[in-house]
Amino acid sequence: MALIKCPECQKEISDKALACPNCGLPLRREDRGTYDILIKREKQWFLINPPIKIQVDSTEKYELESGEEIVIPMTTGKHDILFSLGPRKTTASFEVKENMELTIKSNRVSGELEVLGYGIATTNNSPTISVGVGIGGIIDK
């Protein structure tokens with residue numbers, strides 16, 4: 001669930017509301033300007049390949065396996081989607097004005113999640129991990 005502004009009274013209301021609880025204005029899906037956001041996860045071959053967790057506007061949660069895609073309806077306006085894969089997190093911020101397509105993949109070298117699409121600003125919030133190989137094996141520093 002995302003919060004949108006009522007076109008009549010400008011109060012914040014749920015995007016799922018059928019009418020504004022403040023002023024009573026009927027809200028149909030078409031009036032709110034709801035568009036489909038297609039999120040595709042590239043098929044990548046890793047020994048361990050858990051699903052990427054997706055959180056839309058800090059509320060709705062989804063999971064996406066390698067090679068899968070999902071369609072999420074979103075209302076017009078600014079939205080944030082948090083993509084996480086273990087400690088790796090990337091936030092995509094964008095404004096919904098039309099149907100959109102996002103592609104997500106894991107960078108094989110850095111492990112960062114890369115989100116690609118038109119008009120998207122991303123922020124990575126991933127820990128820095130250095131790995132060294134010595135006589136004892138792999139060591140996290």
key: Note, Leu64 side chain near Pro51 side chain (heavy atom, < 4.5 Å)   = no
Validation row: Glu42, Ile104 side chains within 4.5 angstrom (heavy atoms) = no
query = Should Ser93 and Ile120 count as side-chain neighbours, where that means a heavy-atom distance under 4.5 Å?
reply = no
query = Where do Thr91 and Ile81 land on the side chain to side chain contact (heavy atoms under 4.5 Å, CB included) test, with the steps shown first?
reply = CA-CA 6 Å; Thr91 302; Ile81 299 180; over 6 Å; no
note = Test side-chain contact (heavy atoms from CB on, under 4.5 Å), reference Ile4, set Thr34, Thr76, Thr75, output is Thr75
inquiry  = What's the separation between atom CD in Glu95 and atom CE in Met74, rounded to the nearest 0.5 Å?
reply    = 11.5 Å
query = Any donor-acceptor pair under 3.5 Å linking the side chain of Ser58 with the backbone of Gln55?
reply = no
key: Evaluation steps, side chain to side chain donor-acceptor pair (under 3.5 Å), between Asn107 and Glu114   = CA-CA 7 Å; Asn107 183 308; Glu114 298 176 355; 2.8 Å; yes
request  = For side chain to side chain contact (heavy atoms under 4.5 Å, CB included), just list the numbers for Leu82 and Lys89, CA-CA rounded to whole Å, side-chain angles, deciding distance to a tenth of an Å, and then say yes or no.
outcome  = CA-CA 7 Å; Leu82 174 67; Lys89 297 181 182 350; 4.1 Å; yes
query = How many angstroms lie between atom CG of Leu116 and atom CD of Glu101, to the nearest 0.5 angstrom?
reply = 10.5 Å
query = What distance separates Lys53 NZ from Leu85 CG, expressed to the nearest 0.5 Å?
reply = 9.0 Å
query = How far does OG of Ser106 sit from CG of Asn49, to the nearest 0.5 angstrom?
reply = 8.0 Å
query = Considering only heavy atoms from C-beta outward, does the side chain of Val71 approach that of Ile37 to under 4.5 Å?
reply = no
inquiry  = Determine whether a donor-acceptor pair (N or O, by modelled atom type, separation under 3.5 Å) exists between the side chain of Ser66 and the backbone of Gln44.
reply    = yes
query = Does a side-chain heavy-atom distance below 4.5 Å link Asn22 with Ile13?
reply = no
task = Please determine if Glu68 and Arg41 form a salt bridge, counting it only when a charged side-chain N lies under 4.0 Å from a carboxylate O.
result = no
message = Does Phe94 form a side chain to side chain contact (heavy atoms under 4.5 Å, CB included) with Met100? I'd like the steps, not just the answer.
response = CA-CA 10 Å; Phe94 55 93; Met100 296 177 69; 3.8 Å; yes
Nearest atoms (heavy-atom pairs only) where Ala92 meets Val115 = CB-CG1, 4.1 Å
Under 3.5 Å donor-acceptor, Thr90 side chain and Leu113 backbone = yes
query = Between Leu38 and Leu102, is there a shared hydrophobic cluster once you connect ILVMFWY residues whose side-chain heavy atoms come closer than 4.5 Å?
reply = no
Ile72 and Val56, any side-chain heavy atoms less than 4.5 Å apart = yes
request  = Drop me the distance from Asp57's CG to Asp80's CG, to the nearest 0.5 angstrom.
outcome  = 6.0 Å
inquiry  = Quick check for you: to the nearest 0.5 Å, what is the distance between Glu112 atom CD and Thr122 atom OG1?
reply    = 9.5 Å
